Amino acid sequence: MPDRHLTSLTIPRPDDWHLHLRDGEMLKAVLPETSRHFARAIIMPNLVPPVVSSQQAVAYRERIMAAVPEGATFTPLMTLYLTEATDPEDVRAAHTNGIATAVKLYPAGATTNSASGVRDFEKVRPVLEVMAEIGMPLCVHGEVTDNEIDIFDREAVFIERVLKPLRKKVPDLKVVMEHVTTQDAVDYVRDSHKNLAATITTHHLIINRNHILAGGIKPHFYCLPVAKREAHRVALVQAAVSGDKRFFLGTDSAPHTEANKLQSCGCAGIFTAPNTMSCLAEVFDAAGRIKKLEDFASLNGPRFYGLPPNDDTITLTKGDPVRYPTQIETGDGPVTVFDPGFDLHWRVED
Ligand code: DOR
Ligand code: ZN
C-alpha cells in the first residue's frame with residue numbers, strides 16, 4: 001500500500017555516512033549546511049595532505065568542531081586515509097580511543113586527492129586484519145583505475161577484481177561499498193549476508209548519465225563514480241526505498257568552487273548538503289515509500305556501524321515548493337548547490 005497520502009513525516013535525526021567537509025574557509029561555509037539536518041557524519045579524509053594518522057584525525061576533528069555553528073550539535077565520525085604505509089597499530093589505537101570510526105580505502109588515482117591511495121592490496125592486508133579483529137569498518141571507493149577499463153565499467157570490474165578476493169581473504173572485515181552506482185553493486189550487496197553494506201548518494205538516486213552529457217555538458221552533475229545509465233539509477237532507487245538494512249544514506253556531498261568545477265579539467269563532486277533531505281523525500285514519495293526514508297536515512301546506518309540511532313527527531317512536511325539557494329558563498333568562492341531538475345515539496349521543519 002503506497003503511503004502517498006502522507007504529508008508529514010517525523011523520523012529520528014538522520015546521519016550522513018559519507019561526507020566531504022574540506023578545511024579552512026570551505027569547511028566553515030559548508031558545515032552548517034549539514035549540521036542543520038544531520039546529527040553525525042562520516043568525514044572523508046581526502047584533504048591535501050590526506051588525514052593518514054590518528055594525530056591528524058584529532059587535529060582535523062578539532063577544526064571541524066570549531067566550525068560547528070552556535071546552538072547546533074554535530075558529531076563528526078572521523079576516518080583515516082589508508083595508505084600502503086599505514087601502521088596497523090595506529091589504526092587500532094585510533095579506534096580504541098574513539099578517534100576514528102572507520103578507515104577509507106581509495107584505490108590510487110581513483111578520484112579527488114587519491115594519489116596516496118592503495119596500489120597493491122596485499123600491502124594493506126595487516127591493517128585489514130587488525131580492523132577485522134576489532135570490528136572497525138572499511139569504507140571503500142569501489143572503482144578500478146586502469147585506463148583500459150571503461151569509466152562506466154569501473155565499479156563492476158572492481159567488485160570482481162578487488163572486492164570479492166579481498167573479502168575472501170579477510171571475511172570478518174566489515175565493508176561499506178560507498179556511493180554505489182550500479183545494479184551490479186546492488187546485486188552483490190544483496191547476495192552477501194554478512195559484513196557488507198552500501199551507501200547510496202542523493203544525486204545517484206536522481207541523475208543518470210544523460211543528465212551529464214545530453215544537450216550540452218553539465219559539470220555540476222559530474223562526480224565519481226560517474227552516474228550510469230537509467231536502469232542502474234532505477235536499481236538504486238529500488239534498493240534505497242526497500243528498507244533493506246544493508247543500504248543507507250551517504251550523500252558524498254562534495255563541494256568544489258565554481259572556478260574548480262568550470263574548467264577544461266573540472267573537479268568531480270556534487271554539493272547536495274543544503275537540499276539533500278528534501279530531494280530524498282521527493283524520491284521516496286514518488287516511489288510511494290516515504291515511510292522508508294526513516295530506515296534509509298536514520299536507522300540502517302547506525303545499525304551497521306553498531307551505534308544507536310539519534311534520540312531527537314526531524315519532521316518533514318509536504319507543501320509548496322521549497323526554496324533553496326542555487327549557490328552558497330564561501331571564503332574560497334561560490335559553490336553551486338545540486339539542482340535535481342524538479343520541484344521539492346518536502347520541507348524540513350526548523
Ligand atoms: O565526486 C566525487 N567527489 N567523488 C569522490 O570520490 C571524491 C569527491 C571529492 O572529494 O570531491
Ligand atoms: Zn566521496
Side-chain angles (χ1 to χ4, degrees), residues 15-24 26-27 29-31 33-34 38 41-52 60 76-82 101-118 137-145 151-152 154-155 158 162 176-182 185 198-209 211-212 217-228 236 248-263 265-273 276 301 330 332-333 335-338:
D15 302 304
D16 186 347
W17 299 94
H18 181 134
L19 177 66
H20 296 270
L21 284 178
R22 316 299 190 203
D23 214 340
M26 183 68 88
L27 165 64
V30 301
L31 175 54
E33 302 298 330
T34 287
F38 292 89
I42 285 276
I43 309 301
M44 286 300 119
N46 62 334
L47 304 182
V48 190
V51 180
V52 295
Y60 186 32
L77 304 171
M78 307 308 291
T79 60
L80 295 176
Y81 185 119
L82 184 61
T101 301
V103 168
K104 173 74 188 231
L105 166 67
Y106 286 106
T111 187
T112 311
N113 306 333
S114 62
S116 342
V118 176
L138 180 72
C139 297
V140 177
H141 183 112
E143 287 189 288
V144 292
T145 53
I151 190 165
F152 292 102
R154 288 179 180 191
E155 182 172 284
F158 183 88
V162 182
V176 183
M177 258 197 101
E178 301 198 282
H179 43 53
V180 291
T181 59
T182 55
T199 57
I200 303 178
T201 75
T202 306
H203 48 276
H204 287 117
L205 293 173
I206 294 175
I207 62 166
N208 62 36
R209 62 197 198 181
H211 288 79
I212 315 169
I217 190 157
K218 318 281 186 343
H220 294 112
F221 290 140
Y222 173 61
C223 66
L224 289 169
V226 69
K228 310 298 191 294
L236 299 177
F248 45 88
L249 174 63
T251 66
D252 200 7
S253 179
H256 291 281
T257 60
E258 203 64 354
N260 285 336
K261 288 292 289 177
L262 304 183
Q263 53 170 294
C265 185
C267 292
I270 301 182
F271 180 53
T272 54
T276 270
T330 82
D332 293 337
V335 174
T336 292
V337 176
F338 175 59

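Order of listing sets the numbers, starting from 1, for every ligand and every atom in it. None of the values given here were measured: they were computed from a predicted structure. Hydrogens, waters and symmetry mates are skipped; everything else that's a heavy atom, side chains included, is used.
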Worksheet item: Are the aromatic rings of Tyr106 and Tyr81 close, with centres under 6.0 Å apart?
Response: yes

Worksheet item: Is it true that His18 and His179 have ring centroids separated by less than 6.0 Å?
Response: yes

Fill in: The single option from Asp15, Leu19, Thr101 passing side-chain contact (heavy atoms from CB on, under 4.5 Å) against Ile42
Thr101

Would you say [X] has an N, O or S atom lying under 2.8 Å from the Zn ion (ligand 2)?
{"X": "His179", "result": "no"}
{"X": "Asp252", "result": "yes"}
{"X": "His141", "result": "no"}

Worksheet entry | Ile206 and Phe338: CA distance, side-chain angles, deciding distance, side-chain contact (heavy atoms from CB on, under 4.5 Å) verdict | CA-CA 10 Å; Ile206 294 175; Phe338 175 59; 3.9 Å; yes

Practice prompt. Verify side-chain contact (heavy atoms from CB on, under 4.5 Å) between Phe271 and Glu33, making sure each step is shown before the conclusion.
Written response: CA-CA 10 Å; Phe271 180 53; Glu33 302 298 330; 4.1 Å; yes

Item to complete: Go through Thr251 and Asp16 one step at a time and tell me if the side-chain hydrogen bond (donor to acceptor under 3.5 Å, both in side chains) criterion holds.
Response: CA-CA 6 Å; Thr251 66; Asp16 186 347; 2.4 Å; yes

Response to the item:
Lining ligand 1 at under 4.0 Å, by non-hydrogen atom distance, are residues His20, Arg22, Asn46, Thr111, Thr112, His141, Cys223, Leu224, Asp252, Ala254, His256, Ala268, Gly269

Discussion item. Walk me through whether Thr181 and Lys228 qualify under side-chain hydrogen bond (donor to acceptor under 3.5 Å, both in side chains).
Written reply: CA-CA 7 Å; Thr181 59; Lys228 310 298 191 294; 2.8 Å; yes

